[in-house]
Amino acid sequence: MRYPDGGGLTAKQRARREQVRFEAAELFARGVTPPQVARRLRVSRKSAYAWHAHWREEGAEGLRSKGPSGRPSRMKPEWRVWLAAELEKGPAAHGWTEDQRWTLARVVTVVARRFHVRFSPAQTWRILHEMGWTVQMPVRRAAERDEEAVATWLKETWPRVEKTVRDQDAWLCFADEAGQLLRPPKACTWSRRGRPPLVRVRAAGSGRVSLAGLVCHKAGRHTRLVFRMMVHRGRKGEKKGFREKDFASLLDAAHQQLGGNIVLVWDNYGHHVDAAMRELIGKRRWLTVFRFPTYAPDLNPAEGVWAHLKKSLGNLAPCSIDDLAGLVRTRLKRMQYRPDMLDGFIAETGLIMTSA
């Protein structure tokens with residue numbers, strides 16, 4: 001008789017547990033007592049004594065796994081294939097239009113409608129994990145996004161960007177803007193069960209930090225981050241955002257720091273495409289500009305910079321806009337010394353430069 005394993009374990013976990021029992025059998029054969037085995041293998045004494053009893057009766061073979069215990073699952077393999085395909089369609093395809101969440105109760109209902117078998121939430125949770133599904137935070141995407149236009153851009157425009165970078169031996173720069181208010185984004189923290197922690201933030205008061213940045217890449221060189229920051233204190237007549245001349249100043253600074261031609265890729269923000277900006281771009285012979293398709297922030301590595309920055313500011317409670325500006329500047333400067341992180345932001349977009 002082989003040793004039974006728990007029904008909730010995966011095949012990999014059962015193999016690992018079987019290997020631990022075989023290690024225990026070797027120790028028993030050398031005269032090691034069950035309490036000593038428990039300490040060495042970091043298992044309970046109860047398990048060590050049970051293994052020792054099986055080992056004395058049948059030897060090491062008595063500790064071999066015989067697979068999961070209990071009755072076989074009623075969720076047939078072909079049912080799992082069907083369920084995975086239906087879950088990919090989203091809740092709206094099955095009548096839940098008020099939100100876009102898959103809950104255990106909804107999955108139970110979908111299976112029951114199709115196969116007339118109702119699993120418990122615990123069983124459904126285990127089935128989903130065995131299928132490779134986990135609870136995750138969704139990635140939001142604009143409903144106005146044109147997937148066909150994005151695919152066309154990747155097929156036609158991106159190769160032109162690569163060719164221009166190679167022909168000019170230029171730096172490839174991705175640009176974007178962001179902003180941060182005194183009220184920080186929420187972030188997870190530890191607390192007692194049933195007692196959400198209280199984070200005090202400023203509910204009133206004005207102030208905003210505007211940011212513009214470039215993620216700059218060139219083969220054989222460290223990836224660079226060039227940024228500019230503008231602090232708004234809510235004063236009358238104060239400039240509230242980056243304008244065409246500010247973007248031009250940022251590009252001039254990047255050109256001076258990088259020391260070469262620049263191929264710029266940015267979005268269709270109004271101040272990027274208006275006549276004033278086109279005139280400023282035309283005066284800079286070292287600059288070539290391409291534009292992302294609309295509603296495609298996932299193609300821009302600079303979005304990764306802002307996401308990482310905002311995550312680092314979670315639950316922050318600065319006393320003034322100047323305090324916030326100092327923290328933002330410090331965190332961006334840290335990223336400037338992490339070219340590997342910047343490379344990760346580029347890799348996440350899938351825009352990998354191909355060889356000539």
Side-chain angles (χ1 to χ4, degrees), residues 136-137 139-141 145 150-151 153-180 185 187 209-229 242 247 250-269 272 286-293 295-314 327-356:
Q136 300 180 39
M137 184 69 71
V139 177
R140 294 186 176 183
R141 181 161 290 178
R145 177 186 174 101
V150 173
W153 188 91
L154 290 171
K155 182 179 179 180
E156 298 178 1
T157 305
W158 177 243
R160 288 170 46 210
V161 174
E162 292 182 292
K163 184 177 185 304
T164 305
V165 170
R166 288 192 294 266
D167 292 347
Q168 298 184 8
D169 189 28
W171 283 82
L172 175 60
C173 298
F174 301 93
D176 195 39
E177 301 81 46
Q180 179 62 50
V209 176
S210 291
L211 300 163
L214 300 171
V215 176
C216 310
H217 173 79
K218 187 175 184 179
R221 304 284 293 274
H222 287 307
T223 302
R224 305 279 293 275
L225 172 63
V226 182
F227 70 91
R228 288 293 181 270
M229 188 168 64
F242 287 90
F247 290 129
L250 172 62
L251 293 171
D252 290 338
H255 179 235
Q256 184 176 4
Q257 292 181 37
L258 301 175
N261 292 331
I262 291 177
V263 174
L264 175 68
V265 189
W266 59 6
D267 58 24
N268 294 278
Y269 176 53
H272 293 173
W286 43 265
L287 178 64
T288 305
V289 177
F290 293 87
R291 296 191 181 92
F292 284 116
Y295 298 104
D298 53 301
L299 297 179
N300 194 342
E303 293 283 352
V305 173
W306 309 139
H308 185 79
L309 171 66
K310 290 179 182 295
K311 185 177 180 181
S312 72
L313 296 174
L327 291 168
V328 168
R329 183 181 293 106
T330 298
R331 282 157 172 74
L332 288 174
K333 284 184 175 293
R334 288 177 184 172
M335 279 190 260
Q336 288 181 320
Y337 291 95
R338 294 285 306 278
D340 55 333
M341 177 184 291
L342 301 175
D343 288 335
F345 297 147
I346 297 175
E348 190 176 14
T349 66
L351 299 180
I352 307 300
M353 291 285 293
T354 57
S355 57

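- For the pair H308/R334, no side-chain contact is recorded, criterion being any heavy-atom separation below 4.5 Å from C-beta on.
- Between the side chain of Q180 and the backbone N or O of V209, no donor-acceptor pair lies under 3.5 Å.
- Judged by distance alone, the side chain of K218 and the main-chain N or O of V165 form no donor-acceptor pair under 3.5 Å.
- Other residues, nucleotides and ligands contribute at most 12 non-hydrogen atoms within 6.0 Å of the CD atom of E348.
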- Given side chain to side chain contact (heavy atoms under 4.5 Å, CB included), test T349 with F174 step by step and report yes or no. CA-CA 11 Å; T349 66; F174 301 93; over 6 Å; no

- Message: Go through it in stages, so that I can follow the logic: the residues are H217 and L342, the test is side chain to side chain contact (heavy atoms under 4.5 Å, CB included), and I'd like the CA-CA distance, side-chain angles, deciding distance and then a yes or no.
- Response: CA-CA 9 Å; H217 173 79; L342 301 175; over 6 Å; no

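- If you take CZ on R329 and CG on L211, they are separated by 10.0 Å, rounding to the nearest 0.5 Å.
- Counting only heavy atoms from C-beta outward, the side chains of Y269 and F247 approach each other to under 4.5 Å.
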- Take C173 and L258, measure what side chain to side chain contact (heavy atoms under 4.5 Å, CB included) needs, and give me the verdict at the end. CA-CA 10 Å; C173 298; L258 301 175; 4.0 Å; yes

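- L299 places a side-chain heavy atom less than 4.5 Å from the side chain of P293.
- At least one side-chain heavy atom of F290 sits under 4.5 Å from a side-chain heavy atom of T164.
- Here the SG atom belonging to C216 is positioned 6.5 Å from the CD1 atom belonging to I262, to the nearest 0.5 angstrom.
- Annotation for Y295: atom OH does not count as buried by contact number, only 12 or fewer foreign heavy atoms lying within 6.0 Å.
- When all heavy atoms are compared, the tightest approach of A253 to R228 is CB-NH2, 3.0 Å.
- For the pair Q168 and T288, the tightest heavy-atom approach, listed with the atom from each and the gap, is NE2-OG1, 3.3 Å.
- When all heavy atoms of W286 and L251 are compared, the pair lying nearest together is CH2-O, 3.6 Å.
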- Task: Under the side chain to side chain contact (heavy atoms under 4.5 Å, CB included) rule, what do F227 and M335 come out as? Steps first, then yes or no, please.
- Result: CA-CA 11 Å; F227 70 91; M335 279 190 260; over 6 Å; no

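- Minimum heavy-atom separation, L250 to G213: CD2-N, 4.3 Å.
- In this structure, G179 and K310 approach most closely via the heavy-atom pair O-NZ, 2.6 Å.
- Atom CG of D267 is separated from atom CG of D176 by 5.5 Å, given to the nearest 0.5 angstrom.
- Of the possible donor and acceptor atoms, one in the side chain of N300 sits under 3.5 Å from a partner among the backbone N and O of A175.
- Rounded to the nearest 0.5 Å, atoms CG (L287) and CH2 (W171) are 15.5 Å apart.
- In this structure, D169 and N261 have side chains that are not in contact, with every pair of non-hydrogen atoms separated by 4.5 Å or more.
- Taking CG of L214 as the start and CG of L172 as the end, the distance is 10.5 Å to the nearest 0.5 Å.
- Residues forming a ring-ring contact (aromatic ring centres under 6.0 Å, His included) with F292 (at least two apart in sequence, or on another chain): W153.
- Put simply, the side chain of L327 reaches to within 4.5 Å of the side chain of R331, judged on heavy atoms.
- Here the NZ-CZ distance, from K163 to R160, works out to 10.5 Å after rounding to the nearest 0.5 Å.
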